[in-house]
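Accompanying notes for the structure given below.
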2 protein chains.
Amino acid sequence: MKTLLENIAKHVSLTTEEQELVLTLVQTEHYKAKTILLKEGQICTHSFFILKGILRSYTVDQNGVEHVVSFACPGWWIADMYSYLSQRPGQLFIETNEEAEVMLLSKENQEKLYLQVPKLERFFRILIENSLVANQQRLIDNMSFTTEARYDKFSKKYPELVNCLPQKQIASYIGVTPEFFSKMKARLLKK
Amino acid sequence: MKTLLENIAKHVSLTTEEQELVLTLVQTEHYKAKTILLKEGQICTHSFFILKGILRSYTVDQNGVEHVVSFACPGWWIADMYSYLSQRPGQLFIETNEEAEVMLLSKENQEKLYLQVPKLERFFRILIENSLVANQQRLIDNMSFTTEARYDKFSKKYPELVNCLPQKQIASYIGVTPEFFSKMKARLLKK
DNA sequence: ATCATTTCTTAATCCAGATTAAGTGCTTCT
DNA sequence: AGAAGCACTTAATCTGGATTAAGAAATGAT
């Protein structure tokens, strides 16, 4: 259901040999809960495809406050795109919430793939297009909706996440403090 | 300096024939100040490459308030990416600030280009990657910086824009009301 | 099972920024 | 040139959400 090849097959179709090539260029890793896969200041040398578990990326600001940039469930990719694309030190942390199984694709191997299987250029372009659209929508939502409406949208868009994330992470994602989030939820229940 | 072919040449190199093909697939248009090129609810059938002038994209929320999503100067592309990619009605307006000259590339012609000049798949992928990174950075900035710091960053990143945009548009871009923006600027001058 | 750490809640106080309202230049149109 | 509309400013008041602080509940480690 959520393997890498199935994910690719949604957008481009590969021959058996091409599929095998892909598999030789990725590695699978297993991580315990709360493992940090990438730290601020490091270069993001791999992008991660989630097989099991939930990962998140976040920044830490001058005051030490965390800001969740994204979550990734099985079947999703995650990386510090700035750092990954430019191969310069980035500002994101990437961390497992729970025990997780992840496929790693190095930047080098991705370049190899582009050369040997040009169709994958299309695959990754589509992935990036989708991220861009989602990101832009989030920006718009943050500017034009109330906190309550943003929470509502989040719950509807990611119903599987609402009940398995610590709610301080959801609070951070929608852009409020855990205290305020808690107050808001209590207010919602009264209705 | 800012023609379409020069823009493409920054990332991929085309043969003369390929360049000519590109030119046959775009059209150039001239617009007066305050012309609306795309309205909410319409399908974004073309993406726009700016030759002259400044365009901006924005949404209008339930209360009729405008939120600037992006600006585009000469040498930049602009479109409602959600609508353009999905060919469904979008929520963005795209409008010229001043008199402008713009090249239009239709979605159909873009698909033709992908087929006939696969190198362009790479070109557009890179453009989208850059947008994604910029967008993600803006999200992070909105979550972790004060209004003042965001304005400061904006001024440094787009020095050419600060002095030629109505400041209510800058206020909207960084996410505050024109009144507050005005107050903040007065406060900055005192220092 | 117990202790320790983290997460969540509640409540009081505070503040950045919104809202409302007026007033002051600018353009631009006729 | 005058009217009409925008863009910008200033100021008073209000509010969503932050901050601080404390306790309660859940989770995890030994």
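Protein chains get the first letters and strands the later ones, always in sequence-line order, with residue 1 at the start of each. Treat the numbers as computed from the prediction; the structure is a model and nothing was measured.
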Axis-to-axis angle for the helix from dA1(C)-dT30(D) to dT30(C)-dA1(D), ends of five pairs each, to 10°, equals 50°
Residues which pass side chain to side chain donor-acceptor pair (under 3.5 Å) with R138(B), listed by chain and number, not counting sequence neighbours: none
Residue set satisfying side chain to side chain donor-acceptor pair (under 3.5 Å) with Q91(A), at least two apart, ordered chain then number -> Q137(B)
Solution key, residues 53-63 of chain B side-chain donor-acceptor pairs under 3.5 Å, sequence neighbours excluded:
unit_1	atom_1	unit_2	atom_2	d
R56(B)	NH1	N97(B)	OD1	3.4
R56(B)	NH2	E66(B)	OE1	2.8
S57(B)	OG	S70(B)	N	3.3
S57(B)	OG	S70(B)	OG	2.9
Y58(B)	OH	E95(B)	OE1	2.5
D61(B)	OD1	N63(B)	N	2.8
D61(B)	OD1	G64(B)	N	3.2
D61(B)	OD1	V65(B)	N	3.0
D61(B)	OD2	H67(B)	NE2	2.9

Please list all pairs passing the salt bridge (charged side-chain N to carboxylate O under 4.0 Å, His left out) test where one or both residues lie in residues 167-184 of chain B, with sequence neighbours left out. none
Residues which pass salt bridge (charged side-chain N to carboxylate O under 4.0 Å, His left out) with K112(B), listed by chain and number, not counting sequence neighbours: none
Check DNA chain C against residues 152-176 of chain A and give the residues with a non-hydrogen atom under 4.0 Å, in numerical order. P166(A), Q167(A), K168(A)
Side-chain atoms of residues 158-166 of chain A: list all donor-acceptor pairs with protein atoms under 3.5 Å, sequence neighbours left out, distances to 0.1 Å.
none

Kindly give the atom pairs (protein nitrogen or oxygen, nucleotide nitrogen or oxygen) under 3.5 Å for nucleotides 13-16 of chain C.
none

By ring-ring contact (aromatic ring centres under 6.0 Å, His included), which residues pair with W77(B), not counting sequence neighbours? F49(B), F124(B)
Show the distances under 3.5 angstrom between N or O atoms of the protein and N or O atoms of nucleotides 26-30 of chain D.
none

Every protein N/O within reach of nucleotides 28-30 of chain C N/O, cut-off under 3.5 Å:
none

